[in-house]
Amino acid sequence: MPARSPSSAVPRWAVRAAWATMLCTVPSCVWRLALGVGVDVGFTGRLGSLYTGTPIMIYVLVLTLLSQAPACLTFALVCPWGERVPGWVPRLGGRRVPPLAVALPAAVGAVAVTALCAVVTLLPGGPLDNPDFPRGTAGLIMDACYVPLLAWGPLVAVLTVAYLRRRRSARTPPGAGASGSVRSASPA
């Protein structure tokens, strides 16, 4: 693995934020999987009857993959494979990854996840207003499993900005100004 130049080094906080991004999706995935295998998570009424059997297990598996996969892809914002295609990839190995090819999907994902989590949490008729959603201890457990998702979008947004800044500084020559042109030294 090639060493990074000092100007493109990933700050430790960014690596930690990438881990936090991936880990904030885990509790809701575990809760959904428990629901899918038939653990009583406190659903009552119509929801209780809907969330049983093989179809719900397939649904929670797909939903879990659809949340964990993009969360894991957040590491592209802090790992070398987000800057260069790994050498083992046929015909593309070693090529530079265009920054927008990583940052654009990350930015769209950050906005989408933030909006989705806010809408589901805050809109009338959502989980907080639905009498069939768990209350008491089951409701607290469900809330505790889903609250970390509120951090997912903002974490990805911060990491995306840091990624773009780092990639821009890595390609700007030393002594270059904001425009990218090299300043000439003037005698004093």
TODO: Find out whether Cys145 and Val30 are in side-chain contact, i.e. whether some heavy atom of one side chain is under 4.5 Å from a heavy atom of the other.
DONE: no
Open item on the list: Just so I know, are the side chains of Val156 and Val113 near enough to count as touching, which here means a heavy-atom distance under 4.5 Å?
Closed with: no
Task: Partner residues of Ser67 under the side chain to side chain donor-acceptor pair (under 3.5 Å) criterion, sequence neighbours left out - done: Arg32
Open item on the list: If the condition is side chain to side chain donor-acceptor pair (under 3.5 Å), which residues does Thr25 pass it with, not counting sequence neighbours?
Closed with: Gln68
Task: Partners meeting ring pair (Phe, Tyr, Trp, His ring centres under 6.0 Å) with Trp13 (sequence neighbours left out) - done: none
Task: Residue list, ring pair (Phe, Tyr, Trp, His ring centres under 6.0 Å) with Phe75, at least two apart or on another chain - done: Trp19
Count I, L, V, M, F, W, Y as connected when their side-chain heavy atoms are under 4.5 Å apart, and connections chain through other members. Are [X] and [Y] then in the same cluster?
X: Leu164; Y: Val108; value: no
X: Leu61; Y: Ile56; value: yes
X: Leu100; Y: Val97; value: no
X: Leu150; Y: Leu63; value: no
X: Val147; Y: Leu149; value: no

To the nearest 0.5 Å, how far apart are [atom1] in [X] and [atom2] in [Y]?
X: Leu77; Y: Leu159; atom1: CG; atom2: CG; value: 5.5 Å
X: Ser28; Y: Leu33; atom1: OG; atom2: CG; value: 9.5 Å
X: Cys24; Y: Tyr146; atom1: SG; atom2: OH; value: 12.5 Å
X: Leu155; Y: Leu23; atom1: CG; atom2: CG; value: 10.5 Å
X: Arg95; Y: Arg84; atom1: CZ; atom2: CZ; value: 11.0 Å

Task: Test item: Thr114 side-chain N/O and Val111 main-chain N/O as donor-acceptor pair under 3.5 Å - done: no
Open item on the list: Can a donor-acceptor pair be found, under 3.5 Å and without considering hydrogens, that links the side chain of Arg168 to the backbone of Tyr163?
Closed with: no
Suppose we screen for side chain to side chain contact (heavy atoms under 4.5 Å, CB included). Which residues come up paired with [X], at least two apart in sequence or across chains?
X: Leu116; answer: Val120
X: Ala157; answer: Ala110
X: Val89; answer: Val85, Pro86, Leu92
X: Arg91; answer: none

Which atom names give the shortest non-hydrogen contact between [X] and [Y], and what distance separates them?
X: Ala18; Y: Val78; result: CB-CG2, 3.8 Å
X: Ala106; Y: Thr160; result: CB-OG1, 3.3 Å
X: Ala9; Y: Arg166; result: O-CD, 3.4 Å
X: Gly36; Y: Val60; result: CA-CG2, 3.7 Å

Open item on the list: Run the side chain to side chain contact (heavy atoms under 4.5 Å, CB included) test on Val37 and Met57 for me, step by step, so that the C-alpha distance in whole Å, both residues' side-chain angles and the decisive distance to 0.1 Å come before the verdict.
Closed with: CA-CA 6 Å; Val37 298; Met57 184 58 188; 3.7 Å; yes
- [ ] Quick one: which residue pairs count as a ring-ring contact (aromatic ring centres under 6.0 Å, His included) with a foot in residues 84-117, not counting sequence neighbours?
- [x] none
Task: Nonpolar side-chain network containing Val62, other nodes, edges under 4.5 Å - done: Ile58, Leu66
- [ ] Could you walk me through whether Arg167 and Glu83 pass the side chain to side chain contact (heavy atoms under 4.5 Å, CB included) test, one step at a time?
- [x] CA-CA 8 Å; Arg167 292 293 304 269; Glu83 297 177 19; 3.6 Å; yes
